[in-house]
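Counting starts at 1 for both ligands and their atoms, in listed order.
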Amino acid sequence: MGVTGPLDVEAIRADFPILSRRVRNDKALVYLDSGATSQKPVQVLDAVREFYEQHNGAAHRGSHLLSEEGTEIYEGARAKVAAFIGAAPGEIVFTKSATESVNLVSYASTASIKPGDEILISEIEHHANLVPWQQLAQRTGATLKWFTVAPDGRLDVDPSLITERTKIVAVTGQSNVTGVIPPVGEITRLAHEAGALVLADGAQLVPHHPVDVKALDVDFLVFSGHKMLGPLGLGVLYGKRDRLEALPPFLAGGDMIEVVRMEGSTFQPPPARFETGVPPASEAAGLAAAVDYLTRLGMDNVAAHEESLTAHALDALREIRGVRVLGPDTTKDRGGAVAFEVAGIHPHDIGQVLDELGVAVRTGHHCAWPLHRALGVQSSARATFYIYNTHDEVEALADGIRYAQRFFGV
Ligand SMILES: Cc1ncc(COP(=O)(O)O)c(C=O)c1O
């Protein structure tokens with residue numbers, strides 16, 4: 001294998017201890033579920049371990065050396081994450097997940113939305129960027145509208161849905177089911193012309209493509225560290241500085257205050273205003289190492305590698321009779337999430353047979369139920385690719401599907 005494309009996949013795989021595990025009757029692990037959570041390289045594991053072995057103190061609390069070092073590590077991670085997406089450190093809020101980041105913006109927006117206002121989302125959203133907006137609409141009397149799915153699985157960006165009543169547009173940067181990459185820049189331009197704000201769900205975009213928030217011009221971008229080689233439990237909210245300043249606190253308590261009296265409190269400027277409790281500095285140390293790792297590889301190379309795996313998977317699955325890939329069948333404006341159904345076999349059965357062969361895929365509606373409904377399926381199986389996946393693993397997926405067909409006699 002070695003350096004056969006833009007990435008030296010063999011060298012990358014050596015950094016991921018879990019990839020040498022044997023599973024299910026001594027099968028090699030073929031991990032095709034990075035869209036759910038990515039695996040972690042030793043560099044990230046070491047950073048977390050080193051934090052606990054050498055620096056564990058409560059960041060932004062106390063005046064001793066360990067607390068000081070914890071603060072430096074936590075704030076250093078913020079600066080790294082900011083640079084990774086072209087933002088300033090003061091525009092990065094650490095949350096516990098992409099989901100919490102969307103909830104933060106939607107809850108904190110409650111007071112600025114009135115009955116009759118419109119919130120625009122899309123039918124291809126993950127529930128994390130859908131249900132919070134439904135709830136905001138219910139709380140405020142606003143109307144929820146959405147871009148629908150076109151027959152080819154792409155988003156039908158109907159500009160007439162953006163009106164002077166639209167207050168916020170929330171749209172995914174990349175579908176976690178079909179891999180579709182909507183024209184977020186174009187949607188943002190239209191939204192801004194109408195005076196609306198834009199939140200992009202970057203959970204599947206930021207780990208896989210170069211992202212520059214200044215070029216995208218979105219007001220908010222959310223993503224999760226655990227899908228981009230970082231530890232579980234740390235999410236990111238990017239917000240333009242003035243947009244963050246305009247939002248009231250979401251969660252309250254701890255160090256997000258300025259002055260507390262029994263009668264009431266005043267609050268810190270962002271990002272501290274939105275960060276409650278002792279900061280998750282170990283997770284931040286891990287995420288900083290993850291960002292270093294991806295930066296060293298180069299996000300253009302990451303994207304090119306995944307594009308070649310996706311093209312291979314689309315070709316291989318197309319050749320299997322009875323297999324239908326959900327969404328576009330080319331890699332144009334499409335990332336490395338390949339959901340599919342196999343005629344005559346329930347996705348859970350496909351998942352189980354693949355698992356017996358060591359191939360880990362996700363099955364179900366992938367937290368995108370309306371999208372599945374719109375595509376005319378209840379559920380699907382989904383393979384997602386990342387920097388450590390190989391073309392041989394794509395073949396293992398295709399072989400596994402054929403084996404399942406023989407097994408079930410379809
Ligand atoms: C497109 C998309 N948005 C949001 C999320 C939610 O991420 P998290 O569970 O880390 O909050 C996911 C997770 O699968 C996702 O794929």
Self-check item: salt bridge (charged side-chain N to carboxylate O under 4.0 Å, His left out) pairs, two or more places apart, involving residues 207-228
Solution: E91-K214, D217-K240, D219-K240, D219-R243
What does the contact table look like for ligand 1 (nitrogen or oxygen on each side, cut-off under 3.5 Å)?
from, atom 1, to, atom 2, distance (Å)
ligand 1, 3 (N), D201, OD1, 3.3
ligand 1, 3 (N), D201, OD2, 2.5
ligand 1, 10 (O), S224, OG, 2.5
ligand 1, 10 (O), H226, NE2, 2.8
ligand 1, 11 (O), A98, N, 3.3
ligand 1, 11 (O), T99, N, 2.9
ligand 1, 11 (O), T99, OG1, 2.5
ligand 1, 14 (O), H126, NE2, 3.3
ligand 1, 14 (O), K227, NZ, 2.6
ligand 1, 16 (O), Q204, NE2, 2.7

Quiz item: Does H346 have any ring-ring contact (aromatic ring centres under 6.0 Å, His included) partners at least two apart in sequence or in another chain, and if so, which?
Solution: H348
Quiz item: Can you name the ring-ring contact (aromatic ring centres under 6.0 Å, His included) partners of H305, sequence neighbours left out?
Solution: none
Quiz prompt | Chi angles and distances behind the side chain to side chain contact (heavy atoms under 4.5 Å, CB included) call for V157, V171 | solution = CA-CA 11 Å; V157 181; V171 67; over 6 Å; no
Quiz item: Parallel, tilted or perpendicular: which fits the ring planes of H372 and H365, with parallel below 30° and perpendicular above 60°?
Solution: perpendicular
Exercise. Any chance you could measure F16, atom CZ, to Y31, atom OH, to the nearest 0.5 Å?
Key: 11.5 Å
